[in-house]
**Q** 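Before I ask anything, here is the structure I am working with.
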Amino acid sequence: MTLMSPERAMTPLRKAAEAAEEASGLRAEIIRGVLMMSPTPRGKHAGIINAISKQLLSELPAHLDVFQVASVPLPGDPDDYATPDLLICDAGFGESDEWLADPGDVELVVEVVSKGNSTKDTRDMVAWYADAGIPVYLLVDPRDSTWTVYSVPRDGEYQGRRHGLYGEDVEVPGLGVKITTGNLARYA
């Protein structure tokens, strides 16, 4: 596991993000220099995250673990960081005092499309995670009961893309795990 340097922790923009989180109760991220605030997930959104987390926990190798509400930085930028719905990385992260997981230790991020902020998940974060070098990005969309797996990041774009429907299993490249999607919640 690679530890992040402590000086990355509190840039002025990061201080503003923390103050905004404390004042509003919303989740903050800094994406491409823009402070973005998101409400906590609704029940169905959280239920999908829990269902995927439970499946992954039983399938992952011992050196990896599943984390919710964990952040990952954009390498080379002192401010940019994202907080995916789910993050799979080196299990040692769970024993650290760091608030950022090193992107080199992250194997998978999962985002569930929100009803009100779908552009962020379906467009902005695809390029951001590719820039960060995250090997696999799973995007679950309960609006139309679909999922997309992005893999092989290179030059700010994912080279691999596989799209499917609820009911079709998601095979996570590089991890050798399968996620079943037939029982995932759908938005009304």
**Q** Going hydrophobic residue to hydrophobic residue with side-chain gaps under 4.5 angstrom, can you get from Val170 over to Leu57?
**A** yes
**Q** Going from CZ on Arg143 to OG on Ser114, what distance comes out if it is rounded to the nearest 0.5 angstrom?
**A** 9.5 Å
**Q** Is the shortest heavy-atom distance from the side chain of Pro142 to the side chain of Leu184 under 4.5 Å?
**A** no
**Q** Nearest 0.5 angstrom please: Leu139 CG to Asp141 CG, how far?
**A** 6.5 Å
**Q** Should the ring pair Tyr137 and Tyr150 be called parallel, tilted or perpendicular, given that the plane angle runs from 0 to 90° and is split at 30 and 60?
**A** parallel
**Q** Using a 4.5 Å cut-off on heavy atoms from C-beta on, say whether the side chain of Val140 contacts that of Asp85.
**A** no
**Q** In Å and rounded to the nearest 0.5 Å, what is the CD to CG distance from Glu107 to Leu56?
**A** 12.0 Å
**Q** If you round to the nearest 0.5 Å, how far is CG of Leu108 from OG of Ser151?
**A** 11.0 Å
**Q** Begin from the C-alpha positions of Val66 and Leu87 and carry the test side-chain contact (heavy atoms from CB on, under 4.5 Å) through to its verdict.
**A** CA-CA 6 Å; Val66 178; Leu87 174 80; over 6 Å; no
**Q** What's the verdict on side-chain contact (heavy atoms from CB on, under 4.5 Å) for Ile52 and Ile48, showing C-alpha distance, side-chain angles and the deciding distance?
**A** CA-CA 6 Å; Ile52 292 171; Ile48 293 166; 3.9 Å; yes
**Q** Run the numbers on Tyr129 and Glu111 for side chain to side chain donor-acceptor pair (under 3.5 Å), then give the verdict.
**A** CA-CA 11 Å; Tyr129 288 128; Glu111 294 277 12; 2.6 Å; yes
**Q** Would you call Leu100 and Val72 a side-chain contact if the rule is heavy atoms closer than 4.5 Å?
**A** no
**Q** Go through the structure and list residues passing side chain to side chain donor-acceptor pair (under 3.5 Å) with Glu171, not counting sequence neighbours.
**A** none
**Q** Compute the centroid of each ring, for Phe67 and then for Phe93, and state whether the two points are separated by less than 6.0 Å.
**A** yes
**Q** Distance from Tyr158 atom OH to Thr148 atom OG1, nearest 0.5 Å?
**A** 12.5 Å
**Q** Mind checking what makes side-chain contact (heavy atoms from CB on, under 4.5 Å) contact with Asp97, not counting sequence neighbours?
**A** none
**Q** Do Val136 and Ile88 have side chains that get closer than 4.5 Å, going by heavy atoms?
**A** no
**Q** Would a distance-only check, ignoring hydrogens and angles, find a side-chain to backbone donor-acceptor pair under 3.5 Å from Lys44 to Arg186?
**A** yes
**Q** Mind listing the closest non-hydrogen atom pair of Ala82 and Met125 along with its distance?
**A** CB-CE, 3.5 Å
**Q** Tell me the closest heavy-atom pair linking His45 and Val112, and the distance in Å.
**A** CE1-O, 2.9 Å
**Q** Can you confirm whether Val149 sits close enough to Arg161 that some side-chain heavy atom of one is under 4.5 Å from a side-chain heavy atom of the other?
**A** no
**Q** Just to verify, what does His63 make a side-chain contact (heavy atoms from CB on, under 4.5 Å) with, not counting sequence neighbours?
**A** Pro61
**Q** Locate the shortest heavy-atom distance separating Trp147 from Leu165; write the atom from each residue and the value.
**A** NE1-O, 3.2 Å
**Q** Heavy-atom distance under 4.5 Å between the side chains of Ser53 and Gln68, does that happen here?
**A** yes
**Q** Determine the minimum heavy-atom distance between Ala132 and Leu74, stating which atoms define it.
**A** N-CD1, 3.7 Å
**Q** Measure across Pro153 and Ile134 and return the closest heavy-atom pair with its distance rounded to 0.1 Å.
**A** CG-O, 3.4 Å
**Q** Are Asp169 and Thr181 side-chain neighbours, meaning at least one heavy-atom pair lies under 4.5 Å?
**A** no
**Q** So, do Leu138 and Val109 sit near enough that their side-chain heavy atoms are less than 4.5 Å apart?
**A** no
**Q** Nearest 0.5 Å, please: how far is CG in Leu64 from CG in Leu175?
**A** 6.5 Å
**Q** What is the minimum heavy-atom distance between Gln55 and Thr180, and which atoms define it?
**A** OE1-N, 2.6 Å
